[in-house]
*Asks:* 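Before anything else, here's the structure in question.
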Amino acid sequence: MFVPTLMGQCTPEQQAYWLPRALDMQIIGTYAQTELGHGTFIRGLETTATYDPETETFVMNSPTLTSYKWWAGGLAKTVNYCIVVAQLYTKGVCHGTHPFIVQIRDEETHMPRPGVKVGDIGPKLGFNTADNGYLGFDNYRIPRDNMMMKNAQVLKDGTYVKVARHGKATYGTMVFVRVLLVNEAAFNLAKACTIAVRYSAIRRQCSPDSEGSELQVLDYSTQQHKLFICIATAHALQLNSTWLWKTFSDTLAAIKQGNVDTLPELHALSSCLKALSTADAASLIEQCRHACGGHGYMMSSGLPYLYAFVTATRTYEGDYTILLLQTARFLVKAYEQVEAGKPLTPTVSYLSQAFTGKKLPWDSSPDGIIRAFQALAAGKLSSTVKSLRKRLESGLSYEQAWELSTIQLNGAAEAHCRAVMSQNYKSEIERLTVNSSPNVKLVLQQLYKVYLYYWALERTGDLLLYTSISESDIFELQLRYEGLLKEIRPNAVGIVDAFDLRDEVLHSALGSYDGNVYERLMAEAQKSPLNAEPVNQTFHTYLKPMMKGKL
Ligand SMILES: CCCCCCCC/C=C\CCCCC/C=C/C(=O)SCCNC(=O)CCNC(=O)[C@H](O)C(C)(C)COP(=O)(O)OP(=O)(O)OC[C@H]1O[C@@H](n2cnc3c(N)ncnc32)[C@H](O)[C@@H]1OP(=O)(O)O
Ligand SMILES: Cc1cc2nc3c(=O)[nH]c(=O)nc-3n(C[C@H](O)[C@H](O)[C@H](O)COP(=O)(O)OP(=O)(O)OC[C@H]3O[C@@H](n4cnc5c(N)ncnc54)[C@H](O)[C@@H]3O)c2cc1C
């Protein structure tokens, strides 16, 4: 995040100085925003940067324990520079949070600079090869030029000048990384399903008729139900990530021309897609682990590491709930635009047809299911706005009414995001397979149908509320879904092989291309230090005395 922030928040002159040093790794940096006391609520950060016009420096301070920076990757022992997000004070006025480039260690000795307190935050669920750190300042001075001045400036005499056209321009790096994280979610989920599908083709367990040989576990319907949604989701996330990257690039190009009109939609999209993709990837990676039984619990399967790594993405760069609530703000505004008969931006344009007050007639074709997801999002949004207004009428303030409605708001944002993802998934497959062979087309269509049927069946309660779906429609959809799993089964290993992930990348005894699962598990077991000696020291120290009654 250090380099993207230098790119996004520095003036051209600052970039000319800092970027070559960072890109050549003459300096190593990190992004320290979160504090011990605040992560989500950026406006509540407590680190201060107070401008002193006498010396033309900013004085950095950590006034409380909770103001200590906490979490930045590489901060503890690796980096010597740091982007610090702090409350800017000049001429006695606080202008809110701004980013500063701060040298925290000597470039030669790597010793922390006087006035800098830095250390490691300790072991975590995962990510233990990263030295996430804490950081505090005691009247530590940095030159005025180290304020990142693309979006706001402090002149030599201490005058504050706002440059950016959008109030949240300093949040740009977060939006950028949220966009990247959708791709990261797709990549890691693809790894997990490659491991689990390959292993399920090797693993044999139980024999349905007592005479026959044991079945590959991949032949069981329940195993297919666990795993094929993982493959389909990896595809959905990958295609949505490419689509989101294009939306991001277009918005960036417009901002460079001085047009910030599309930023709110990009923020709403990147927020909900980051939230849903990381949450789906984490829970489906865990599902892949379950699908591998006990061996999935081994570190050598690669799955625990993947899960620990990916589950953090649900939290960092904006927690799941918080980001969905950001999307919900955008949706409520879109709802008000529909009421006022105003035009809507592309990804919410479906709302203009959705508030008919009637249930959408059920249609089980892929396009019909996508329209149903849209009706569901619109219906949830409409109910949420009703609740919000009822609470306002009862005399509550907007903030109180909003807070009480946040469970519903999150539900509406999740439904909207699922509708956007489903729509993009199908249309991108259609666009990309125009010149593909009929067989490739067929397999890719089977997968997006799995995605649509799976989520329709997961949301039958909502569909009953907002569409005309009947009990028999649900029954029919269930049978179609189960049939589809059987159609995909013969190609399942080929489909995950097509992710083209090398063994070195998978790093898994269960998922290697050669399928030598048992040999690899045994070879990994031999690496346990407990196997280095026939009798472990602890036998003599503890077990034997206990067994002889001498403890
Ligand atoms: C280069 C990295 C590559 C990554 C690739 C993956 C490789 C992975 C491997 C390892 C990497 C590990 C890296 C880990 C790095 C982790 C880093 C971090 O976590 S950094 C810290 C991140 N912190 C957050 O994300 C904090 C979340 N909180 C917020 O974003 C905000 O506080 C908020 C919740 C959005 C609220 O902000 P605020 O209170 O200021 O605003 P509001 O009053 O609520 O809203 C006012 C209006 O502003 C709009 N808004 C808010 N944010 C934005 C934005 N970013 N852009 C545009 N508009 C924004 C908001 O919607 C409101 O609009 P209106 O409704 O009023 O119109
Ligand atoms: C592995 C990892 C790496 C990280 N790397 C960095 C880094 O490099 N740099 C950096 O600056 N930070 C980093 N972070 C910090 C990360 O950005 C924060 O953890 C994240 O933004 C969430 O903030 P928090 O931990 O303070 O949670 P909190 O904000 O305290 O949230 C706690 C809970 O309260 C809920 N909550 C909070 N506010 C509200 C609200 N208004 N309405 C409803 N619910 C609410 C949240 O949904 C959550 O469930 C990293 C974190 C991790 C786990």
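Counting starts at 1 for both ligands and their atoms, following the listed order. Fair warning: this is a prediction, and the values are worked out from it, not measured in the lab.
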*Asks:* Please state which protein non-hydrogen atom is closest to atom 40 (C) of ligand 2 and give its distance, to 0.1 Å?
*Replies:* I322 CD1, 3.6 Å
*Asks:* What protein heavy atom lies closest to atom 28 (N) of ligand 1? Include the residue and the distance to one decimal.
*Replies:* T40 O, 2.9 Å
*Asks:* Is there a polar contact between ligand 2 and H38, counting only N or O atoms under 3.5 Å apart?
*Replies:* no
*Asks:* Can you confirm whether the side chains of D106 and N80 place a donor and an acceptor under 3.5 Å from each other?
*Replies:* no
*Asks:* For residues R178 and G318, report the shortest heavy-atom separation together with the two atoms involved.
*Replies:* NH2-CA, 4.3 Å
*Asks:* Side chain or backbone of I322 under 4.0 Å from ligand 1, or both, or neither, by non-hydrogen atoms?
*Replies:* side chain
*Asks:* For atom 29 (O) of ligand 2, which protein heavy atom lies nearest, and how many Å away is it?
*Replies:* T40 OG1, 2.5 Å
*Asks:* Using a 4.0 Å heavy-atom cut-off, which part of V3 comes near ligand 1: side chain, backbone, both, or neither?
*Replies:* neither
*Asks:* If we count only non-hydrogen protein atoms and require a distance under 4.0 Å, does atom 32 (C) of ligand 2 qualify as touching the protein?
*Replies:* no
*Asks:* Could you tell me, atom by atom, which parts of ligand 2 come under 4.0 Å of a heavy atom of E317?
*Replies:* 17 (O)
*Asks:* Is there a donor-acceptor pair under 3.5 Å between the side chain of Q408 and the backbone N or O of N410?
*Replies:* no
*Asks:* Can you tell which part of H38 has a heavy atom less than 4.0 Å from ligand 1: side chain, backbone, both or neither?
*Replies:* neither
*Asks:* Within this structure, what is the CD-SG distance for the pair Q287 and C292, rounded to the nearest 0.5 Å?
*Replies:* 11.5 Å
*Asks:* Within ligand 2, which atoms have a heavy atom of N132 less than 4.0 Å away?
*Replies:* 3 (C)
*Asks:* Compute the minimum heavy-atom distance from F309 to ligand 1 and say whether it is under 4.0 Å.
*Replies:* yes
*Asks:* Show which atoms of ligand 2 fall inside a sub-4.0 Å distance from at least one heavy-atom site of T321.
*Replies:* 47 (O)
*Asks:* The criterion is ring pair (Phe, Tyr, Trp, His ring centres under 6.0 Å); which residues satisfy it with Y51, sequence neighbours excluded?
*Replies:* F58
*Asks:* For atom 4 (C) of ligand 1, what is the nearest protein heavy atom, given as residue, atom name and distance?
*Replies:* V177 CG1, 4.0 Å
*Asks:* Does the pair R289 and E286 meet the rule for a salt bridge (Lys or Arg N to Asp or Glu O under 4.0 Å), with working shown?
*Replies:* CA-CA 5 Å; R289 192 183 68 74; E286 179 66 341; 2.8 Å; yes
*Asks:* For ligand 2, which part of K69 has a heavy atom less than 4.0 Å away: the side chain, the backbone, both, or neither?
*Replies:* neither
*Asks:* Please confirm whether A72 approaches ligand 1 to less than 4.0 Å, judged on its heavy atoms.
*Replies:* no
*Asks:* A32 versus ligand 2: do any nitrogen or oxygen atoms come within less than 3.5 Å of each other?
*Replies:* no
*Asks:* T34 heavy atoms, cut-off 4.0 Å: which ligand 1 atoms fall inside?
*Replies:* 21 (C)
*Asks:* Identify, for atom 16 (C) of ligand 1, the protein heavy atom at the shortest distance, and state residue, atom and that distance.
*Replies:* E317 OE1, 3.4 Å
*Asks:* Under 3.5 Å, N or O to N or O, is Y316 touching ligand 2 that way?
*Replies:* no
*Asks:* Counting each atom of ligand 1 from 1 as listed, which ones have a heavy atom of G39 under 4.0 Å away?
*Replies:* 26 (C)
*Asks:* Select one of side chain, backbone, both or neither to describe which atoms of D319 lie under 4.0 Å from any atom of ligand 2, heavy atoms only.
*Replies:* side chain
*Asks:* My question is simple, although I want it checked carefully: is atom 2 (C) of ligand 2 less than 4.0 angstrom from any protein heavy atom?
*Replies:* yes
*Asks:* Can you find a pair of side-chain heavy atoms, one from R329 and one from W402, that are under 4.5 Å apart?
*Replies:* yes
*Asks:* We want to know whether Y81 and E107 form a side-chain donor-acceptor pair, criterion being a heavy-atom distance below 3.5 angstrom.
*Replies:* yes
*Asks:* Specify the protein heavy atom at minimum distance from atom 19 (O) of ligand 2: its residue, its atom name, and the distance to 0.1 Å.
*Replies:* T315 CG2, 3.8 Å
*Asks:* Nearest 0.5 angstrom please: L396 CG to L404 CG, how far?
*Replies:* 6.0 Å
*Asks:* With heavy atoms of A72 as the reference, note each atom of ligand 2 found under 4.0 Å away.
*Replies:* 7 (C), 8 (O), 9 (N)
*Asks:* What is the distance from atom CG of N424 to atom CG of N240, rounded to the nearest 0.5 Å?
*Replies:* 4.5 Å
*Asks:* Working note: R459 + E414, criterion salt bridge (Lys or Arg N to Asp or Glu O under 4.0 Å); need CA distance, chi angles, decisive distance, verdict.
*Replies:* CA-CA 12 Å; R459 294 286 180 266; E414 195 260 352; 3.1 Å; yes
*Asks:* Are R113 and Y140 close enough that a side-chain donor and a side-chain acceptor fall under 3.5 Å?
*Replies:* yes
*Asks:* State the OH-CG distance between Y335 and L388, to the nearest 0.5 angstrom.
*Replies:* 10.5 Å
*Asks:* What's the spacing between L189 CG and T278 OG1 if we round to 0.5 Å?
*Replies:* 12.0 Å
*Asks:* Determine whether any protein heavy atom is located less than 4.0 Å from atom 47 (O) of ligand 2.
*Replies:* yes
*Asks:* Testing the 3.5 Å rule here: is there a donor-acceptor pair between the side chains of N151 and T170?
*Replies:* no
*Asks:* What is the closest protein heavy atom to atom 3 (C) of ligand 1, and at what distance does it sit?
*Replies:* L180 CD1, 3.6 Å
*Asks:* In terms of residue, atom name and distance, what is the protein heavy atom nearest to atom 24 (P) of ligand 2?
*Replies:* G39 CA, 3.9 Å
*Asks:* Got the closest protein heavy atom to atom 33 (C) of ligand 1, with its distance?
*Replies:* Q326 NE2, 3.9 Å
*Asks:* Are any of the N/O atoms on E184, whether in the backbone or the side chain, positioned under 3.5 angstrom from an N/O atom of ligand 1?
*Replies:* no
*Asks:* Distance to 0.1 Å, residue and atom name: give those for the protein heavy atom nearest to atom 58 (N) of ligand 1.
*Replies:* H267 CD2, 3.6 Å
*Asks:* Should one rank R43, K168, K274, E265 by closest heavy-atom distance to atom 49 (C) of ligand 1, which comes out on top?
*Replies:* K168
*Asks:* Looking at side-chain heavy atoms only, is the closest gap between L135 and V116 below 4.5 Å?
*Replies:* yes
*Asks:* Around atom 23 (N) of ligand 1, find the nearest protein heavy atom and jot down its residue, atom name and distance.
*Replies:* Q33 NE2, 3.3 Å
*Asks:* Can you tell me the protein heavy atom closest to atom 64 (P) of ligand 1 and the distance?
*Replies:* K333 NZ, 3.0 Å
*Asks:* To check your reading of the model: name the closest protein heavy atom to atom 12 (N) of ligand 2, its residue, and the distance in Å.
*Replies:* T34 OG1, 2.7 Å
*Asks:* Does an N or O from Y31, backbone or side chain, lie closer than 3.5 Å to an N or O of ligand 2?
*Replies:* yes
*Asks:* Report the member of Y171, F127, F41, Y316 with the shortest heavy-atom distance to atom 37 (O) of ligand 1.
*Replies:* Y171
*Asks:* How are the rings of H235 and F499 set relative to one another: parallel (under 30°), tilted (30 to 60°) or perpendicular (over 60°)?
*Replies:* perpendicular
*Asks:* Could you tell me whether Y31 and ligand 1 have an N or O pair separated by under 3.5 Å?
*Replies:* no
*Asks:* Enumerate the atoms of ligand 2 whose separation from the nearest heavy atom of G73 is less than 4.0 angstrom.
*Replies:* 8 (O)
*Asks:* Just to verify, what does Y425 make a side chain to side chain donor-acceptor pair (under 3.5 Å) with, not counting sequence neighbours?
*Replies:* none
*Asks:* To the nearest 0.1 Å, how far is atom 6 (C) of ligand 2 from its closest protein heavy atom, and which atom is that?
*Replies:* W71 O, 3.7 Å
*Asks:* Is the closest side-chain donor-acceptor distance between T47 and E35 under 3.5 Å?
*Replies:* yes
